[in-house]
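Every chain is numbered from 1 and lettered A, B, ... according to where its sequence line falls, protein lines coming before strand lines. Quick note: numbers below take in every heavy atom, side chains included, and nothing from hydrogens, waters or symmetry partners.
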Amino acid sequence: SAVISQKPSRDICQRGTSLTIQCQVDSQVTMMFWYRQQPGQSLTLIATANQGSEATYESGFVIDKFPISRPNLTFSTLTVSNMSPEDSSIYLCSVAGGASGRYEQYFGPGTRLTVT
Amino acid sequence: KNQVEQSPQSLIILEGKNCTLQCNYTVSPFSNLRWYKQDTGRGPVSLTIMTFSENTKSNGRYTATLDADTKQSSLHITASQLSDSASYICVVSAGAGGTSYGKLTFGQGTILTVHP
């Protein structure tokens with residue numbers, strides 16, 4: 001199994017500022033993802049973090065708002081830019097591994113962001 | 001549109017009792033179905049993964065069933081413990097072969113509370 005750590009675990013930020021969330025995995029992984037979980041909601045995929053190339057964003061999410069870096073196979077960052085209260089959510093890093101039809105997907109502990 | 005619906009939204013049971021959570025899905029093409037447990041303030045943790053050909057999978061006191069014909073799944077918890085209090089999320093993976101990574105459709109979750 002993959003062990004995922006995220007920093008910070010939580011933060012309270014002011015409107016208009018930016019926050020960068022770090023994700024560190026204890027082993028090299030090919031597939032790495034960023035999810036958002038809004039209060040009382042389930043998880044929504046923001047983007048797939050690609051090593052060595054630009055992230056692949058899902059509908060409704062754009063690079064200017066959520067820039068992502070993936071410098072190597074064990075690390076990624078997600079930046080939440082120009083924050084508004086609507087960005088208050090839990091942001092989770094996730095990795096996948098194994099045979100594609102039955103792969104394991106692991107989630108980090110999440111970063112709880114509150115925007116005031 | 002791919003959808004996963006869970007019922008009930010919340011459930012309260014007494015310690016030691018059994019319970020069953022339901023999941024209905026409309027996801028195509030179907031790859032696999034997973035049940036995750038998410039403790040408050042933590043990331044989801046995988047309980048079971050079932051592919052099309054599997055109709056039952058157990059993990060300790062957790063038993064998941066899958067009926068691919070009716071597109072329904074259930075998670076049965078036996079002899080509940082206080083530590084079972086969490087959100088249980090049904091997740092269906094779409095896609096075939098290598099395209100299935102990360103293409104997960106999440107249910108809203110069932111919040112289970114176990115009282116002593």
Side-chain angles (χ1 to χ4, degrees), chain A residues 1-6 8-10 21 23-25 29-50 55-59 61 68 70 76 89-114, chain B residues 1-7 9-10 21 23 25 27 29-54 57 59 64 66 68 86-111:
Chain A
S1 64
V3 178
I4 305 170
S5 59
Q6 289 185 229
S9 58
R10 59 177 62 226
I21 303 168
C23 175
Q24 180 74 54
V25 189
V29 291
T30 303
M31 309 300 293
M32 187 177 282
F33 311 95
W34 286 98
Y35 287 84
R36 180 176 74 182
Q37 186 174 27
Q38 295 180 300
Q41 303 295 314
S42 197
L43 282 73
T44 300
L45 180 63
I46 297 173
T48 302
N50 301 309
T56 304
Y57 290 84
E58 298 298 305
S59 176
F61 298 96
I68 289 171
R70 178 94 189 267
S76 177
S89 291
I90 299 172
Y91 292 85
L92 297 109
C93 174
S94 177
V95 302
S100 64
R102 196 186 176 79
Y103 62 93
E104 281 286 357
Q105 187 150 347
Y106 305 97
F107 292 86
T111 295
R112 184 180 294 272
L113 170 63
T114 303
Chain B
K1 178 182 178 183
N2 290 339
Q3 285 187 315
V4 176
E5 296 183 355
Q6 293 185 242
S7 62
Q9 285 189 320
S10 62
L21 314 180
C23 172
Y25 64 91
V27 175
F30 176 88
S31 179
N32 58 65
L33 184 144
R34 308 143 179 271
W35 284 93
Y36 283 88
K37 178 187 179 186
Q38 185 175 22
D39 292 313
T40 302
R42 307 292 295 273
V45 174
S46 179
L47 295 174
T48 63
I49 303 175
M50 289 182 291
T51 59
F52 185 88
S53 60
E54 298 172 301
K57 183 65 68 73
N59 178 359
L66 173 65
S87 177
Y88 290 85
I89 306 173
C90 177
V91 183
V92 182
S93 176
T99 65
S100 67
Y101 284 112
K103 298 298 182 186
L104 304 179
T105 301
F106 290 78
Q108 293 289 88
T110 292
I111 299 174

Which of B/Ser87, B/Gly41, B/Pro44 touches chain A most, by non-hydrogen pairs under 4.5 Å
B/Pro44
Applying ring-ring contact (aromatic ring centres under 6.0 Å, His included), name anything that partners B/Tyr88, two or more places apart in sequence or on another chain.
none
Which atom pair, heavy atoms only, marks the closest approach of A/Ser42 to B/Gly107?
OG-O, 2.5 Å
Beyond-backbone contact of A/Phe33 with B/Leu104, side-chain heavy atoms, under 4.5 angstrom:
no
Measure distances from A/Ile90 to the heavy atoms of chain B and classify the residue's part below 4.5 Å as side chain, backbone, both or neither.
neither
When the 4.5 angstrom heavy-atom criterion is applied to B/Tyr36 and chain A, the contacting part is side chain
Out of curiosity, B/Gln38 CD to A/Gln37 CD, how far, rounded to the nearest 0.5 Å?
4.0 Å
Taken in chain and number order and not counting sequence neighbours, the residues that satisfy ring-ring contact (aromatic ring centres under 6.0 Å, His included) with A/Phe61 are A/Phe66
